[in-house]
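Inspection log for the structure reproduced underneath, given as structure tokens.
Read the numbers this way: they start at 1 and go in the same order the structure lists the ligands and their atoms. Small disclaimer: the values here were computed from a predicted structure and weren't measured.
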Amino acid sequence: MHGLFVTGTDTGCGKTEISLGLMAAMQASGPSVLGMKPVASGCAHGPDGLRNDDAMRLRAQGSTEAPYGLVNPYAFAPPVAPHIAAGEAGVEIRLPAIEQAYRTLAGEADRVIVEGVGGWRVPLGPKLFVSDIPKALGLPVILVVGLKLGCINHALLTVESIQCTGGVLVGWVANQLDPTMLSRDANLATLAALVDAPCLGVLPWLEAPTPSELAGYLHPELIDLQPRHTAKLATAQTRTETRPGAGTRTIKRRA
Ligand SMILES: Nc1ncnc2c1ncn2[C@@H]1O[C@H](COP(=O)(O)OP(=O)(O)OP(=O)(O)O)[C@@H](O)[C@H]1O
Ligand SMILES: C[C@H](N)[C@H](N)CCCCCC(=O)O
Ligand SMILES: [Mg+2]
């Protein structure tokens, strides 16, 4: 495993916190690790150009100091959907540029943790989505589930979308965004039963957590690089139906 792609059930679900925790957890067991945020919106203008908080934090956690332009090849100022920000800037987000930056980082470290932007199906252009990045980089996917009312639907929709857009889900992390969430354990049990990948940890709500503190709640060793391909969520069943004059046809239906 050379790297991981971290996606989430939504923007603000904890992708950066969990990416930092995964970097620290891997560094603690030996490998050198770099972080990457291929596309970022909501960047600030600084003396060296546009800078994104997520990208700066991932870069700072890196085992070596990588050039900012490799960590964050596409940086946009407006805190809006990236395809809108790119359009307003007259920039086309292109996979080859992301691939080239990733390959350079991958040549400098044992692992690269790549954080998406928003959720799995965020558009990056007219025919490009966040979901295309891990496929282009050959990276397995970690899903961060921001624990709040509604997260079960968001998690299962994302899992199904990962599966039907060619992603390879190898683990998920529950992140307690809302310390007041009711029936947290029952929600976790439901997610564990329906998400067809190992849970790498449950991150409680923490005041200003450090990456090493976050690492204490994460278990990247549980990553299943040989994910099952039989979806737990539903198994398609087929039955044949013969109608007068229509001959025999097979109808797929979900269980
Ligand atoms: N377990 C937690 N305990 C306390 N605060 C948290 C926790 N997880 C996330 N946060 C806070 O919630 C906010 C969103 O988290 P984070 O930036 O990691 O989300 P994200 O998915 O990376 O967002 P974006 O889509 O903008 O990249 C941040 O202020 C972060 O510090
Ligand atoms: C600006 C902020 N940093 C977010 N990462 C951008 C999230 C884009 C979400 C797009 C959408 O799904 O509507
Ligand atoms: Mg982030």
Look up atom [atom1] in [X] and atom [atom2] in [Y], then write down how far apart they are to the nearest 0.5 Å.
| X | Y | atom1 | atom2 | result |
| --- | --- | --- | --- | --- |
| Phe5 | Trp120 | CZ | CH2 | 6.5 Å |
| Met23 | Ser32 | CE | OG | 10.0 Å |
| Leu139 | Met36 | CG | CE | 9.5 Å |
| Glu115 | Thr16 | CD | OG1 | 3.0 Å |

Using 4.0 Å as the upper bound for N to carboxylate O, is an ion pair formed by Arg57 and Asp54? no

Quick test of your reading of the model: are Lys148 and Asp178 salt-bridged, counting only N-O distances below 4.0 Å? no

Which ligand 1 atoms, with their elements, are less than 4.0 angstrom from a heavy-atom of Leu203? 1 (N)

Which ligand 1 atoms does Glu115 reach within 4.0 Å, using its non-hydrogen atoms? 22 (O), 27 (O)

Gly119 near ligand 2, heavy-atom distance under 4.0 Å? no

Nearest protein heavy atom to [atom], by residue and atom, and its distance?
| atom | value |
| --- | --- |
| atom 3 (N) of ligand 1 | Leu206 N, 2.8 Å |
| atom 11 (C) of ligand 1 | Glu17 OE2, 4.5 Å |
| atom 12 (O) of ligand 1 | Leu177 CD2, 4.2 Å |
| atom 27 (O) of ligand 1 | Asp54 OD2, 2.9 Å |
| atom 20 (P) of ligand 1 | Lys15 N, 3.4 Å |
| atom 13 (C) of ligand 1 | Gly12 O, 4.5 Å |
| atom 16 (P) of ligand 1 | Gly14 CA, 3.7 Å |

Over 12 foreign heavy atoms within 6.0 Å of CG, Leu206: yes

Does ligand 1 have an atom under 4.0 Å from some heavy atom of Gly8? no

Pro204 near ligand 1, heavy-atom distance under 4.0 Å? yes

If we count only non-hydrogen protein atoms and require a distance under 4.0 Å, does atom 3 (N) of ligand 2 qualify as touching the protein? yes

Could you list which atoms of ligand 2 come closer than 4.0 Å to a heavy atom of [X]?
| X | answer |
| --- | --- |
| Val117 | 5 (N) |
| Ser41 | 1 (C), 3 (N), 6 (C) |
| Thr11 | 4 (C), 5 (N), 7 (C) |

Quick one: does ligand 1 sit under 4.0 Å from the side chain of [X], the backbone, both or neither, non-hydrogen atoms only?
| X | answer |
| --- | --- |
| Lys37 | side chain |
| Glu207 | neither |
| Pro209 | neither |
| Asn175 | side chain |

Evaluating non-hydrogen atoms only, which member of Val6, Thr11, Asp178 is closest to atom 26 (O) of ligand 1? Thr11

For atom 17 (O) of ligand 1, which candidate among Thr9, Val122, Thr16 provides the closest heavy atom? Thr16

Report the protein N/O/S neighbours of the Mg ion (ligand 3) that fall below 2.8 Å; do not count waters. Thr16 OG1, Asp54 OD2, Glu115 OE2

Check whether NZ of the Lys or CZ of the Arg Arg51 lies under 6.0 Å from the centre of the six-membered ring of Tyr68 and within 45 degrees of that ring's axis. yes

Cluster membership besides Leu177, Ile/Leu/Val/Met/Phe/Trp/Tyr side chains within less than 4.5 angstrom, sorted by chain and number, is none

Look at the side chain of Arg59 and the backbone N and O of Ala66, then say whether any donor-acceptor pair between them is shorter than 3.5 Å. yes

Among Val141, Ile142, Leu200, exactly one meets side chain to side chain contact (heavy atoms under 4.5 Å, CB included) together with Val170. Which residue is that? Ile142

